[in-house]
J.: 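Quick one: the structure is below, questions incoming.
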Amino acid sequence: MTSNSCCHPSSAFIDFLDVGGTMTISQEIANLTEDSGQDLPEENVQIGSIQGTVVGLRYYTGTVNRGEMVSLVRQPQNPYDRNAVMVANVYGSQVGHIKKELAAPMAYIMDNNLARVEGVVPYGETNKFSMPVNLTFWGKEENRDAVHNQIRRHGFKLGTEFKGSLIWYTTQTSLGRDLLGLSSKMSAIPLTVEELKNAFDKLFDDLMEDKTREMEPAEAVCTSLLPHQKQALSWMTSRENSNDLPPFWEEKSGLYFNVLTNFAVKERPEKVLGGILADDMGLGKTLTTIALIVSNFHNGKPLPLEQSVRSRKFDRNPSLWVVGTGKVPSGGSGGSGARATLIVCPLSVLSNWLDQFEQHIRADVTLKVYLYYGAERIRSVKLLSEQDVVLTTYNVLSSDFGNKANSPLHKVNWLRVVLDEGHVIRNPNALQSKAVLELQSERRWILSGTPIQNSLKDLYMLMSFLKLKPFDVKEWWSRIIQRPVTMGDRVGLKNLQVLVKGITLRRTKNSKVAGRMLVQLPERRVFVQHVTLSEDEREEYEQVRKEGRKVIGRWKQCIYSYFEEGTIMTNYADVLAILVRLRQYCCHPGLVGKYTGADDPGTPSELRERLINKITLVLNSGSDEECAICLDSLRQPVITYCAHVYCRPCICEVIRSEKQARCPLCRAQIKTKELVEYPGEEMQAGAATGENWRSSSKVDALMSNLLKLRNEDPTVKSLVVSQFTRFMDLIEVPLREYGFSFTRLDGSMAQKTRAKAIQDFQDSSPGSPTIMLLSLKAGGVGINLTAASHVFMMDPAWNPAAEDQCVDRCHRLGQSRDVVITKFIVKDSVEENMVKIQKKKQELVDKAFGVKKPQDLKQARMEEIRALMEI
DNA sequence: ACCGCCGGGTGCC
DNA sequence: ACCGCCGGGTGCC
């Protein structure tokens, strides 16, 4: 028998998808040093099993069924025995305790994280005083001996399976075995990596059976819905009005029974009203949601709205944004009386929601929309409850939640909570995730174009938000879905598919309705324009390249031979620093700041200098870095000693809320006084946008394109995209000089200015800006820039997906012209190297999964770094 | 608990 | 009998 650790597909290969994802540099660096998670099969093998006894049944109310899964919880504070191990059922009710003799070694194993213990009660469910429990130990291979020894020292012995249980339990599926706590070594042949990848790809591909019924929106919606939007509306409405039991629950002789855990309760499990709308970007999730809000109030009736002869007064500035007159009709709200829908979204799409409400709701009806945002927001539970819609951001929500005493959003009983770009709550440790879980609502929706970012772990948070019992508790999610699936268990995968299918609607741009494409988008054509540096530029570039090679040469040896994690991280950051300089030279020599070479971090002041270098690098990389806590653009950026960058308020909140605060990205200990601030721009070399401005080959190439375009058709609008905001500063000079009207959007802009910039650009009246300077990641997804039909990519990004997403902002629903994309690449430079890496990443994503094990994953990362160093 | 364990009652065959 | 045996009281951690 081979060991479990050798050939099972692991979640690592799913994580590896991230190469095509949208990682920021600091996340990339963090990933190099991080272990790849806790649930890799290598760390999650079956160490052994033993039958134990649950005692003290008569003192507790929790009951179990034959074959039911139970959880084991340490009770170190138990006054009778500090080794106490409590046994609880799926709803968390205590069933009893593990008999103390066995609890003693279990306590040691659990407290020292040698293994996780899972229990299943095989029979004896009606016993009065005690019952057997099959215990299975899961943990890292390296802990196997320690666990076995510990058990043996107390006079027990771990076996590999339970004897006799199969006599009455005939299910031959691996799930059946799992329910008994049996070894899954006996399971059917596990899925191969390819099969699992395929299954994963298809996870959200719904065949649309039962989901093709259409529904007309309420009259208050003045936009006519496309067929697929009517289908989504119909499906969402039926999800909200459903009386069905949640997935995997059945009614059996007056009891409600969960077929996966064998758990039964008298009370009907709470209905899960809502789900995941996972349509591709541009299919109109926002419009569909607006239609849902006004079309499906209580009892399947439309939201009662007053008609008004007055035309709508539209004013963006006041925080109270009421469409029409302000009176709330009293009648018509049946049931609980909950009225308001809360929409939580990233800052970048806030204005889009307002636009869409204005655009799609008839001007003569009264829809109360309150923008709960900004310092002036009114924290009144009453006011919020009386709205039809309350719009807010993840930041506002978590910042209110942070001040526990005063979070009005958490005191309202919402009719509906909608999480836009809901995948941002994928990290359960983030404050905003916790804040979102605490919201009280009858119905819950997640809107997301990318419901699974990189692994199953992300899905857990979504289940948790939807309150899909028992998957809202980590242990049950892991036992029933995550672990079986990552170990290639077919039944586990089947369950996952049933689960996802029941609550998700996903269509892609390529989906078909009755044989026709959902949406026919205009073409998009990509041209690469090679730029040759002038002699002067080439000379400077070569100078910097030589310096860089010298620095890199110094570490190459230690990287090529094996490497210490710490060294590799700092070196990787330094390699990136050198590369940023070269990339800047390719764009414009005026971009390049002074490079302060980094040697060993010795004294704190040197460390400090290194950290300042690093944060400067991150912020100037032009990638509009996100804070990993709020997942929004960095505000008051600070860097930790472990070299991770966050917003100061976010990380301070983390430090405040935990006794032993740890870095959310790498779990290193962090302290407020060790945070290093970004010193600001003053140490930058002046970008020379003033009198001594000079052009560059790339700027010349851009300008000649723009001028030619204006000659051909003066109404054509273009996006000029760069990762370097200071490059955008430089480009502004010739744009002005040649009389272009332009606007600008970058990560540093406040919400108001952003919205204004987008609005101005989208405006088609004569004299409106024809060019938008756009920083690659500004604002994230969701922004609508369909006025543009040309995109100029000034500098290549590490990540091809980031470029695609950027193009998607104009190549989406509403675009009437073909979209032409021009990518500038400097010949014989780091940029060509980057294009190669882009291609490699894309290949990996496409055919993917040649990589299974974390070692290979690390190897792949190393290959990438090596490739990067070939400058 | 139709057990094990405890401790009091008891004591030839 | 400083034992064995009996049978009642009792019972998670």
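Just so we're on the same page: letters track the sequence lines, and every chain starts at 1.
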J.: With rounding to whole Å, what would you report as the distance between C/dG11 and B/dG4 at their C1' atoms?
T.: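 Roughly 10 Å separates the two C1' atoms.
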J.: Only pairs with both distances under 3.5 Å count, Watson-Crick or wobble alike; so what is the partner of B/dC3 in this structure?
T.: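 Per the H-bond distance test, C/dG11.
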J.: Are there any protein N/O atoms within less than 3.5 Å of an N/O atom in nucleotides 9-13 of chain C, and if so, which ones and at what distance?
T.:
unit_1	atom_1	unit_2	atom_2	d
C/dC12	OP2	A/Tyr59	OH	2.4
C/dC12	O2	A/His97	ND1	2.8
C/dC12	N3	A/Tyr60	OH	2.9
C/dC13	OP1	A/Lys100	N	3.2
C/dC13	OP2	A/Lys100	NZ	3.4
C/dC13	O3'	A/Asp81	OD2	2.7
C/dC13	O2	A/Asn78	ND2	3.2

J.: Please report the distance separating the C1' of C/dC12 from the corresponding atom of C/dG8, rounded so that it comes out in whole Å.
T.: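 It works out to 22 Å between them.
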J.: Cation-pi check, A/Arg483 to A/Trp138: give yes when NZ or CZ is under 6.0 Å from the six-membered ring centre and within 45° of the ring axis, no otherwise.
T.: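 Yes; both conditions hold, so A/Arg483 lies above the ring face of A/Trp138.
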J.: Considering only the C1' atoms, how many Å lie between B/dT10 and C/dC5, rounded to the nearest integer?
T.: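 The same atom, C1', in both gives a distance of 9 Å.
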J.: Calculate the interatomic distance between A/Lys128 atom NZ and B/dC3 atom C1'; express it in whole Å.
T.: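 Interatomic distance, NZ of A/Lys128 to C1' of B/dC3: 14 Å.
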J.: Is the A/Tyr460 to A/Phe471 ring centre distance short of 6.0 Å?
T.: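 No, too far apart.
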J.: For a quick check under 3.5 Å, do A/Glu125 and A/Asn65 share a side-chain donor-acceptor pair by atom type?
T.: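 No pair is found: no donor N or O on one side chain lies under 3.5 Å from an acceptor on the other.
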J.: Judged by atom type as modelled, is there a donor-acceptor pair below 3.5 Å linking the side chain of A/Asn143 to the main-chain atoms of A/Ala146?
T.: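 Not at all, since once roles are kept as given, no pair shorter than 3.5 Å links the two residues.
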J.: With a 4.5 Å limit on heavy-atom distance, are the side chains of A/Met106 and A/Ile98 in contact?
T.: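 SC-SC contact between A/Met106 and A/Ile98 confirmed.
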J.: Any chance the rings of A/Phe137 and A/His148 have centres within less than 6.0 Å?
T.: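 So the answer is no for these two rings.
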